[in-house]
Amino acid sequence: MSIASLTSRVGAASAAPTGGDPSAKPRRPGALHKKDRVIGLLAVLPALLLVVTFSAYPIAFAFFISFTRTNGLTFEWRWFENYIAMATDPIVQQVFLNNLKFLIAIPLVIFIAVVVSILLFERVRGWKFFRVIFFLPNVLSVAVIGIMFRNAFGYYGGVNQALGLFGIEPVEFFTDGNLAIAIIILALVWSGFGYMSLLLFAGLTAINPAVFEAAAIDGAGWWKRLWYITLPNIRRVLGFVFIINVIYTFTGLFGFVFVMTAGGPGYDTTTIDYLVYLRAFSSSNLGSGAALAVMLFLFIGILTLLQNKVFKLQEED
Amino acid sequence: MAEDTIISKRLTSGRANGPVFIVLALVAISIVYPLYFVIITSARPNVDYLRDPFGLPGEWTFDNYLRLLESYGVGQAFLNSLYVAVVTIALVLILATLAGYALAKYPVPGAKYATAAFVSLMLIPGAVLIIPTYVMLARLGLVGNYWGLILVYVSSALPFAVFFLSLSFRGIPVEVIEAARIDGAGFFRTLWSIVMPMGSSGIATLAVLQFLGVWNELLWALILIPEQSMKLLTPTLASIGTRFLTDQPLVSAGLFITASVPLLLLIFASKYVMQGLQVGVSR
């Protein structure tokens, strides 16, 4: 029994790829194949249906809503009214400008991430431990990180207490728009550089060590190797990191803004994704929020395509 | 030649070791110190904090935690978050394991399109979806109901989950599965006794990542559960953070309660957390 099943197992395994043994095979694989297709389809279907219902369909629905005037119950088709209103809306312009200000975080994050990844790559004692520490902010909620920074820079917070030790009056960090943006950027950098440095570190480990050795033998110093070998070799990872950061800056700030400034003072720290939220839950016309969301979606789509192109380049090289 | 490389390696690392270690340690302190500050602050009365915020507490206390648990519903919110996270993870793992196995090892018709759909829906920002999803769920009567929230979490987690598991299941040798099938094991049998044990590390990684994602999520938890007694932990923390600006120790206790579960996961499952990171890279 066991021997029979063993031989049939071996036979099947070796025969399957070539299609082999004509005596029993030709009919059965066909039947099996058909059955497998049905089973495979049934296994994929629940996940696919859920994703289509709760991700793909809402996107289409967002397009529809953006062409209407609606409170969520009744829909009035208004063509491009919301888009035209958006184009001339000073708040939208200001908010877009705010998002551009937040982009300052990106060179900061990337600079620190590059430095940290290169230092990690030296693999000094305890580098694995450092790696986990640097990753630490990534397991925390933006609500936790945001409130932590809001607290630290609040009137009674650690920073003002520290300034007080030097006899400096407490600073109201969150009453000035630009100062508030600076604090949020600080939170972004603090929480973001670790993950980016680990991405870059993975890029560094992919460089052939022989290249470094050859350069070292040729007498290239540490800085020369950094500039001519290390950085050029991770430029694609750098591009990838840059684009995911841009996407994050336009879509991922809701949590920080919500807990740190609620978009204020005025609209000074409101970002596009936060404005979508505001329009969704405090305005009588959901259409205007949806139009904003659609623009954001198209913008992110373009960036993602760009990123895929970068990624393709990487595969070709 | 070989000797040269060894020497050069030793020289470079020897030269850079000290300064590199110091810089890395400083960066590490900049991450750990704020968290240390939060934990210490959470364990002292407000008066004590205001007297000397940077010193060790003159008086250690659990009052802040007790107040949060007794008067501000943090205990309930903690349990609510745990419930939603566990149900979400269970559903994601079941659905993604089925779909991932099929896509990895079965001739699924239109597999190309299914995969493309999953991949392209992987990075849809929440801001794009909040209005249509809210309207849709409101019509279904699922706003203010955990199932609405769970469905949103599951469906937004699935694209990555399916992609991730089908990748890790692809590494299982076909011969092993074929052998079992010749012996008469069907889809579920091979899934249960071969694919899941062999892919357990990938499944564990996914579970940890998704748990962190759901536990830390704020936007959906905020808008889909307006009912006070049903609130999850992150929105509860956010409202405490806004209400008690003058009571840093109380807010700090809330921060630590919310952060404690992810920190425990990082400490005890850092292997899986870091593994998930590697996949993020290859993507």
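Order of the sequence lines fixes the chain letters, A, B, ..., with proteins taken first and strands second; residue numbering starts at 1 for each chain.
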Item to complete: Check whether B:Ile124 gets within reach of chain A through its side chain, its backbone, both or neither, counting any heavy atom under 4.5 Å.
Response: side chain
Item to complete: Measure distances from A:Phe149 to the heavy atoms of chain B and classify the residue's part below 4.5 Å as side chain, backbone, both or neither.
Response: neither
Discussion item. At a 4.5 Å cut-off on heavy atoms, which part of B:Leu233 comes close to chain A: side chain, backbone, both, or neither?
Written reply: neither
Discussion item. For A:Phe193 and A:Phe134, take the angle between the two ring planes, folded into 0 to 90°, and tell me which bin it lands in: parallel under 30, tilted 30 to 60, perpendicular over 60.
Written reply: tilted
Worksheet item: Which atoms of A:Ile300 come close to chain B, meaning under 4.5 Å heavy atom to heavy atom: side chain ones, backbone ones, both, or neither?
Response: side chain
Worksheet item: By a 4.5 Å heavy-atom criterion (distance strictly below it), what part of B:Leu121 contacts chain A: side chain, backbone, both, or neither?
Response: side chain
Item to complete: Please look at A:Ala162 and chain B and tell me whether the side chain, the backbone, both or neither of the residue comes under 4.5 angstrom of a heavy atom of that chain.
Response: both
Discussion item. Counting only non-hydrogen atoms closer than 4.5 Å, does B:Val128 touch chain A with its backbone (N, CA, C, O), its side chain (CB onward), both, or neither?
Written reply: both
Practice prompt. Select one option (side chain, backbone, both, neither) describing which atoms of A:Phe250 are under 4.5 Å from chain B's heavy atoms.
Written response: neither
Discussion item. Using heavy-atom distances under 4.5 Å, tell me whether B:Pro107 contacts chain A through its side chain, its backbone, both, or neither.
Written reply: both
Discussion item. Tell me which pairs pass side-chain hydrogen bond (donor to acceptor under 3.5 Å, both in side chains) where either residue lies in residues 97-107 of chain B, with sequence neighbours left out.
Written reply: B:Tyr101-B:Thr190
Worksheet item: So which part of A:Tyr248 gets closer than 4.5 Å to some heavy atom of chain B, the side chain, the backbone, both or neither?
Response: neither
Practice prompt. Measure B:Ala25 against the heavy atoms of chain A and call it side chain, backbone, both or neither at under 4.5 Å.
Written response: both
Worksheet item: With a 4.5 angstrom heavy-atom cut-off, which part of B:Ile31 approaches chain A: side chain, backbone, both or neither?
Response: both
Worksheet item: Do the non-hydrogen side-chain atoms of A:Leu120 and A:Leu198 ever get within less than 4.5 Å of each other?
Response: yes
Worksheet item: Can you say whether B:Leu191 sits under 4.5 Å from chain A via the side chain, the backbone, both, or neither, judging by heavy atoms?
Response: neither
Item to complete: Verify, without hydrogens or angle tests, whether B:Thr234 (side chain) and B:Glu217 (backbone) share a donor-acceptor contact under 3.5 angstrom.
Response: yes
Practice prompt. Side chain from CB out, backbone as N, CA, C, O: work out which of these in B:Phe256 comes under 4.5 Å of a heavy atom of chain A, or both, or neither.
Written response: neither
Discussion item. Under 4.5 Å from any heavy atom of chain B, what part of A:Leu165 do you find: side chain, backbone, both or neither?
Written reply: side chain
Worksheet entry | Side chain, backbone, both or neither of B:Val261 within contact of chain A (heavy atoms, under 4.5 Å) | neither
Fill in: Which portion of B:Ile130 sits near chain A, non-hydrogen atoms under 4.5 angstrom
side chain
Worksheet item: Which atoms of B:Val27 come close to chain A, meaning under 4.5 Å heavy atom to heavy atom: side chain ones, backbone ones, both, or neither?
Response: both
Practice prompt. Provide the full list of side-chain hydrogen bond (donor to acceptor under 3.5 Å, both in side chains) pairs with a residue in residues 117-140 of chain B, sequence neighbours left out, each pair given once.
Written response: none
Worksheet item: Heavy-atom distance under 4.5 Å to chain B: side chain of A:Ile65, backbone, both or neither?
Response: side chain
Discussion item. Counting C-beta onward and ignoring hydrogens, is there a side-chain heavy-atom pair between A:Gln161 and B:Leu50 closer than 4.5 Å?
Written reply: yes
